[in-house]
Engineer: 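I'd like to ask you about the structure that follows.
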Amino acid sequence: MTAVMKQDATIGFVGNPNSGKTTLFNAFSGANLKVANWPGVTVEKVEGMMKFKNQRYKLVDLPGTYSLTSYTMEEQVARNYILSDDVDVIIDVVDASSLERNLYLTLQLLELGKPVVVALNMMDIVEKRGLEIDMHRLPEMLGVPVIPVSARKRKGLGVLMHAAHHHINAKHPDKLIHGHDYTSAKDSKHAHEHHRDYTMVYSDKIEDKIDLIIDELRKKYPEIRNYRWHALKLLERDQEITARYPVDLPAVIDRSYESDIINEKYDFISEIMNEVIMNRAEREASTDKVDAVLTNKYWSIPIFLGIIGVVFFLTFFVGDFFKAYFEIAISWLGKAAASGLMSAGASPGLIALITDGIIAGVGSILTFLPNIFMLFLALAFLEDSGYMSRVAYVMDGIMGHLGLSGRAFIPMILGFGCTVPAIMASRALETKKDRFRVMLITPFMSCSARLTVYILFSEMFFPQHAMLAAYSLYLIGFAMALLVAFIIHLFDKEETEHQLLIELPEYKAPSARTVLIYVGEKVKDYLSKAGTIIFIASIVMWFIMNFGLHGYTQDVSLSIGAQIGKAIVPFFRPLGLGYWQLALALIAGISAKEVVVSSTAVLYGVSNINAAAGMSTLAGLLGASGFTALNAYCLMIFCLLYVPCAATLAVIKRESESWKWTGFVALFQISVAWVVTFAVYHIGTLFI
Amino acid sequence: MTLDLGKPGSTYIIKGMKLPQTIEKHLEALGMTYGTKVDVLNNKSKGTLIIKVRGTRFAVGRGISGNIEVSDR
């Protein structure tokens with residue numbers, strides 16, 4: 001087995017953000033892996049397996065990056081991984097519609113000395129613009145195979161794999177084609193004929209320095225494999241390489257030659273562009289026409305609000321339409337399970353555990369699947385079409401007043417879906433300060449888990465205006481996020497100019513496959529949450545409700561749950577939430593916000609909580625104890641604002657690398673929730 | 001002049017930058033090197049721009065655009 005494993009070859013996928021790298025990777029490896037499609041989020045490598053010509057391949061999706069310097073984490077991760085022995089071939093995904101910029105990374109990759117195959121993606125956009133790329137000359141000039149592919153339409157994949165397969169064993173790859181030695185080489189006074197050996201040949205001044213550094217490196221560090229690349233990095237005064245392989249050549253490396261090296265690479269790229277691009281008469285790209293409307297000075301913000309409105313419409317109205325069918329199915333399942341167990345002679349305790357504990361708890365969450373599905377479908381659509389990055393531009397002015405870059409708005413929108421990926425997306429932000437602020441305010445953006453609480457309680461207590469009640473909570477959460485950012489900005493003494501910088505990719509019809517893989521991933525996450533956290537929480541809830549200190553009890557008030565609930569209820573009483581069952585449900589909700597709903601179902605013993613009958617039962621039970629619409633609204637506000645779920649806290653800890661900050665976020669949010677709910681309750685009672 | 005004063009529809013040439021090193025290197029890696037042409041596609045009044053450099057569009061905030069020195073061609 002191990003022998004077979006050793007023969008597995010590894011292909012690393014590298015490319016610029018927005019080059020379609022992840023789409024291509026998904027096309028090969030299928031849906032059986034984690035997809036992180038948001039800009040800058042693919043920091044951990046994602047892996048998949050495939051078979052081609054009796055060879056097993058491990059595919060690795062590296063973080064999207066524009067270059068391979070050591071200035072950012074993503075670039076360091078990508079670079080070190082490619083330099084390691086783990087990668088056999090690199091597939092460099094190049095966006096043909098942005099060829100000039102994408103080739104910069106290609107030239108850097110070629111210098112790393114690993115076999116590279118270029119996958120030329122998005123040729124359809126190029127063709128639509130009436131351009132043509134000389135597919136004979138481009139590989140000649142690069143010295144590596146260039147395969148046109150369409151990641152979206154899944155074309156050219158076989159040829160690409162074939163090319164990668166061919167180069168798998170080329171540890172010291174010879175250039176495929178020697179093509180451009182007629183350029184500067186003829187007049188070169190340089191001692192070596194580098195154009196035979198390397199794609200990218202620098203000016204004589206730089207090449208002389210490289211030679212001198214290589215001589216020194218050979219003497220000092222015989223273990224280095226790629227002298228030329230290390231010499232270049234030393235010339236650039238790259239921090240990582242300079243620290244690891246110091247050389248004493250002050251006359252050669254008298255300054256950083258990084259800008260010179262970048263400029264010469266771009267000069268060569270211009271040379272390539274001049275030779276390979278045909279019909280350069282530029283037609284107006286359709287993207288510019290769309291942008292003229294969507295980023296218009298006056299219309300961009302109303303359009304953005306309209307788009308968000310459509311997202312909510314889909315989530316609530318269309319989602320609810322399907323939700324009704326799920327409710328019917330779940331309540332049927334509950335009844336069927338009860339009668340099935342009864343006829344099988346199960347004990348009443350077991351039947352109660354399954355129907356009132358598990359099916360009530362997990363079932364209450366499963367019925368929200370259509371709403372969750374619609375929300376993530378809409379978000380995936382916004383992201384994959386290219387609109388999301390425009391939002392950064394549109395909102396930059398407003399966010400500037402809050403001391404944040406427009407880019408900070410992207411994690412906030414993603415927060416409507418789930419706070420966890422939203423916080424991960426904060427990685428793409430320009431400064432650390434921005435990141436920490438976004439981690440603090442993003443949990444206020446109402447996520448899909450909290451949606452379950454709103455749908456249940458607003459349908460029970462605001463039957464005529466359920467949608468409005470739920471919508472108002474989204475607005476309150478959004479307003480809180482902005483308010484907190486604004487207050488921090490007011491007290492922030494150092495004035496830092498926010499530095500928005502984001503690529504605006506071409507608009508494109510979202511790929512059904514990418515969207516479906518993304519949504520499928522979210523649905524799977526949601527279901528597995530229902531199957532694990534909510535399943536366990538439901539069982540635990542059922543047990544602490546049915547067992548007292550002296551064993552099984554029919555009297556709920558003697559149960560352990562009642563004891564715990566009554567102990568914490570004083571904290572909630574000033575908020576209009578002085579009900580021990582709800583106090584218990586809210587505490588349990590820290591594991592996951594949906595647990596508030598599932599626990600309420602179990603605690604009040606209502607098995608079909610989302611169906612009309614179940615709702616009226618629960619509303620009746622609550623109403624009998626004096627729980628009014630105001631109390632329901634307070635509950636929803638508290639749910640919106642209090643401590644984010646355990647998964648969010650974990651991701652904040654991971655991203656901030658600080659327990660202190662994580663603890664502060666949790667404490668801050670519970671304080672805000674308490675104060676705001678307190679205010680709403682007491683102001684509310686004045687009017688009612 | 002600095003890039004934040006750029007007018008939509010006009011083309012400028014990069015003459016220099018005064019930005020923190022990491023941002024400068026990042027911009028250079030994106031192709032915004034000395035002598036590069038920049039098309040300004042959109043300019044909100046406060047210097048937040050949409051520009052096109054080497055065939056790629058970027059949104060750039062005032063903090064950056066105000067520190068890039070450009071000349072009319």
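Protein chains get the first letters and strands the later ones, always in sequence-line order, with residue 1 at the start of each. Given the structure is predicted, the values throughout are model-derived calculations rather than measurements.
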Engineer: Main chain of B:Val60, side chain of A:Tyr393: is a donor-acceptor contact present, judged purely on distance under 3.5 Å?
Structural biologist: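 No; judged by distance alone, with no hydrogens or angles, the pair does not exist.
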Engineer: Just wondering, are more than 12 heavy atoms of other shown residues or ligands nearer than 6.0 Å to CD in A:Glu240?
Structural biologist: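 Buried by this count: over 12 neighbours within 6.0 Å.
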Engineer: Indicate the atoms forming the closest heavy-atom contact of B:Ala59 with A:Leu504, along with that distance.
Structural biologist: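 Taking B:Ala59 first and A:Leu504 second, the nearest heavy atoms are N-CG, 3.8 Å.
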Engineer: Distance from B:Arg54 atom CZ to A:Tyr104 atom OH, nearest 0.5 Å?
Structural biologist: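 Taking CZ in B:Arg54 and OH in A:Tyr104, the distance rounds to 10.5 Å.
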Engineer: Quick one: pull up OG1 in B:Thr48 and CE in A:Met399 and give me the separation to the nearest 0.5 Å.
Structural biologist: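 Those atoms lie 12.5 Å apart.
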Engineer: When you check the side-chain N and O atoms of A:Ser259 and B:Glu28, is any donor under 3.5 Å from an acceptor?
Structural biologist: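 There is such a pair (donor and acceptor under 3.5 Å, judged by atom type) between the side chains of A:Ser259 and B:Glu28.
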Engineer: Is it the case that A:Thr295 and B:Lys44 place a side-chain donor and acceptor less than 3.5 Å from each other?
Structural biologist: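 No - no donor-acceptor pair under 3.5 Å links their side chains.
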Engineer: Can you tell me how far apart OG1 (B:Thr56) and CG (A:Asn16) are? Round to the nearest 0.5 Å.
Structural biologist: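 Going from the OG1 atom of B:Thr56 to the CG atom of A:Asn16 covers 8.0 Å.
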Engineer: Measure B:Gln21 against the heavy atoms of chain A and call it side chain, backbone, both or neither at under 4.5 Å.
Structural biologist: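 Contact with chain A: side chain only.
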Engineer: For the CE atom of B:Met32 and the CD1 atom of A:Ile262, what is their distance to the nearest 0.5 Å?
Structural biologist: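 The CE atom of B:Met32 sits 12.0 Å away from the CD1 atom of A:Ile262.
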Engineer: When rounded to the nearest 0.5 angstrom, what is the spacing between CG in A:Asp291 and NZ in B:Lys52?
Structural biologist: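 The CG atom of A:Asp291 sits 10.5 Å away from the NZ atom of B:Lys52.
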Engineer: Mind checking the CZ-CG spacing from B:Phe58 to A:Leu501? Nearest 0.5 Å is all I need.
Structural biologist: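 Result: 6.5 Å between the selected atoms.
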Engineer: Using every non-hydrogen atom in the two residues, find where B:Ile64 and A:Leu500 come nearest and quote the distance to one decimal.
Structural biologist: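 B:Ile64 and A:Leu500 have their closest heavy atoms at CD1-O, 3.7 Å.
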Engineer: Quick one: do A:Asp396 and B:Arg62 make a salt bridge, cutoff under 4.0 Å?
Structural biologist: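 Salt bridge flag = no for B:Arg62 with A:Asp396.
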Engineer: Can you name the nearest heavy-atom pair linking B:Arg57 to A:Asp288, along with the distance?
Structural biologist: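 Scanning both residues completely, I find the closest heavy atoms to be NE-OD1, 2.8 Å.
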Engineer: If you look at every heavy atom in A:Arg101 and B:Leu30, which pair is closest and at what distance?
Structural biologist: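 Residues A:Arg101 and B:Leu30, closest heavy atoms: CG-O, 3.4 Å.
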Engineer: Heavy atoms only, distances under 4.5 angstrom: which of B:Gly55, B:Gly31, B:Pro8 has the most pairs with chain A? Name it, please.
Structural biologist: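 Of the options given, most contacts go to B:Gly31.
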Engineer: When heavy-atom pairs shorter than 4.5 Å are enumerated against chain A, which of B:Ile50, B:Thr22, B:Thr33 gives the highest number?
Structural biologist: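 So the answer, after comparing B:Ile50, B:Thr22, B:Thr33, is B:Ile50.
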Engineer: Could you tell me which portion of B:Leu49 (side chain, backbone, both or neither) has an atom closer than 4.5 angstrom to a non-hydrogen atom of chain A?
Structural biologist: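 Only the backbone of B:Leu49 comes within 4.5 Å of chain A.
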